[in-house]
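Okay, structure first, notes after.
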Amino acid sequence: MFSLFPALAGGSVADRSALRFGDRSLTYAELAASAGALAARLDGAGRVAVWATPTLETAVGVVAALLAGVPAVPLNPKSGAAELGHILGDSTPSLVLAAPGDLLPTALGALERIDVEATTKTAAGAGAHAGEETEAGTEVVVTVEAAVRDPGAPALVVYTSGTTGPPKGAVIPRRAVAATLDALADAWQWTGDDVLVHGLPLFHVHGLIIGILGPLRRGGSVRHLGRFSAEGVARELNAGATMLFGVPTMYHRLAEALDGDPGLAEALGRARLLVSGSAALPLHDHERITAATGRGVVERYGMTETLMNTSVRADGEVRPGTVGVPLPGVGLRLVEEDGTTIAGYEADGTPTGAYDGESVGEIQVRGPNLFTEYLNRPDATAAAYTADGWFRTGDMAVLDPDGSVRIVGRKATDLIKSGGYKIGAGEIENALLEHPGVREAAAAGEPDADLGERVVAWIVPVDPQAPPSADELADHVASRLAPHKRPRRVRFLDELPRNDMGKILKRALPRD
Ligand code: MCA
Ligand code: AMP
């Protein structure tokens, strides 16, 4: 039988802590009971939305949906009205899973709601011995998951921004979740003995699939901080956590905090593995962390549509600035604008072509880690693949002479990576244009030491004498889309630079 979570189907880890959020935690036996009971209720549901707060309930809800073979659609609980409306209209969930007491926006009011019970009761009931608990939990889990036989069946629909238009729902099959987590286990020597600490949001691949489902697939433990803080990271690493996952902004904040905090350096030095991903970690932050802690930060490279593609290996040398080598099973090639392949790797790791460390090409990948389609968007799905079946990532890279992938940029300038979140310039522009005080709008990313890039907007106001304030425009975008998409800077212009065809010349927009 194809099982995503063998550790939930009984065995020696029943009493091990599976999940901990703050002072609430569940052992494997308790998780099997909570998620198993919920999974039985979800049987036959269509897609289910999950109100993805950083809580036990989100983890239990997603695990239950996966056990039941029902695709889960994680929702950012800070989604604004327009974004939430789009995601619900596109994914048409049959019900929503939320924690008891969560206040849901009216857009979700029409859906059946199930309150997720994350209880420390086990299927065997109070006072049972570990053996009995395991047996009872196993029964529930095995019964519900047995019905889901197809590894190609959808596990999750995760929304991700493009350059224009609203976010697209990437349909991620069960096979991809298993393949990517097992490949990472190989690259990182990741086992059930590892205890992961993270403070990432649970509505994206990084925090949810890698950060929650990853430890659960290994039979290990995860401690979620609720929200990221250097103190929380230090506390957990001092209390036995072995791995840390974060976006570069989090490592930047750790690097900043290291200066006056030798205790933090000591705690980070205790970690077996510090892993960064979702955007490039600047060299300066790599260097500061290594100098203070004696630990290198391992970078891995992924994408919502592909899950993880490459990583620096735990048994290899950490080379700042590279994202390592393709994970087992992932084929990767660099392709020039005219379609010429520069070099790459077969899925079994065999090198193809010469790695010169100079020739830049688009990273294209294939493998069991890939998504199936963009929901309701056959046009976009077709456009994402080459004629010979490789997925176009849009990321530009070189292959170093030692075979490491070095990302050097991105094909689309209209994609912004801020704090590790992908944001489309088009969606921000469309939201700004809906503000009554805005005549014309352009958005782009600007370098930012903390966020990697920050969103900047250029506005031509309807009334130059009384333009809307920058705060008002930021609030407008935050409440329509999501707070992390709000412009951090707004510049007011009399007109936008345009070419003869009327297209905005983004390179000609005034910058600092
Ligand atoms: C501020 N806030 C506002 C406004 N201004 N809310 C509404 N309207 C406003 N005008 C609130 C925010 O909601 C937030 O609340 C708080 O003020 C601080 O906001 P902000 O400055 O935006 O947040 P931050 O502290 O700077 O966030 C940094 C961060 C965050 C914690 C690093 O960017 C983050 O969590 N990034 C992770 C992104 C991620 O997981 N990416 C993975 C996707 P509050 O603090 O209460 O929230 S990529 C992926 O999955 C691929 C596969 C991969 O490779 O990994
Ligand atoms: P998302 O669609 O939000 O999943 O973001 C995927 C994108 O994040 C990739 O296409 C890359 O541009 C970027 N990314 C992820 N990991 C890394 C990394 N380690 N270094 C540089 N860029 C990264």
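Every heavy atom of this structure was used, including side-chain atoms; hydrogens, water molecules and symmetry mates were not. Read the numbers this way: they start at 1 and go in the same order the structure lists the ligands and their atoms.
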Among [options], which one has a heavy atom closest to [atom]?
| atom | options | value |
| --- | --- | --- |
| atom 18 (C) of ligand 2 | Gly277, Ser161, Ala279 | Ala279 |
| atom 40 (O) of ligand 1 | Pro487, Pro201, Gly246 | Pro201 |
| atom 37 (C) of ligand 1 | Gly419, Gly420, Ser479, Pro248 | Gly419 |
| atom 28 (C) of ligand 1 | Glu299, Met250, Arg253, Lys422 | Arg253 |

Open item on the list: Tell me whether the count of non-hydrogen atoms from other residues, nucleotides or ligands lying under 6.0 Å of CG in Leu283 goes above 12.
Closed with: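 Yes, the 6.0 Å shell around CG holds more than 12 heavy atoms from other groups.
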- [ ] Provide the number and element of each atom of ligand 2 under 4.0 Å from a heavy atom of Thr160.
- [x]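 Going through ligand 2 atom by atom, the ones under 4.0 Å from Thr160 are 2 (O).
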Open item on the list: I'd like to check which ligand 2 atoms, numbered from 1 as shown, lie under 4.0 Å from a non-hydrogen atom of Lys417.
Closed with: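 Numbered from 1, ligand 2 contributes 1 (P), 3 (O), 5 (O), 6 (C), 7 (C), 8 (O).
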Check this for me, if you would: do [X] and [Y] make a salt bridge, where the nitrogen-to-carboxylate-oxygen distance has to be below 4.0 angstrom?
| X | Y | value |
| --- | --- | --- |
| Arg488 | Asp448 | no |
| Glu429 | Lys506 | yes |
| Arg313 | Asp186 | yes |
| Asp194 | Arg218 | no |

Task: His204 contact mode with ligand 2 (heavy-atom cut-off under 4.0 Å) - done: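 Neither part.
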- [ ] Specify side chain, backbone, both or neither for Met303, according to which of its non-hydrogen atoms lie closer than 4.0 Å to ligand 2.
- [x]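 Near ligand 2, Met303 shows its backbone as well as its side chain.
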With respect to [X], determine whether any N or O atom, backbone or side chain, lies less than 3.5 Å from an N or O atom of ligand 2.
| X | result |
| --- | --- |
| Asp395 | yes |
| Ser276 | no |
| Ser278 | yes |

Open item on the list: Heavy-atom contact check, 4.0 Å cutoff: does Val323 meet ligand 2?
Closed with: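 True for this residue.
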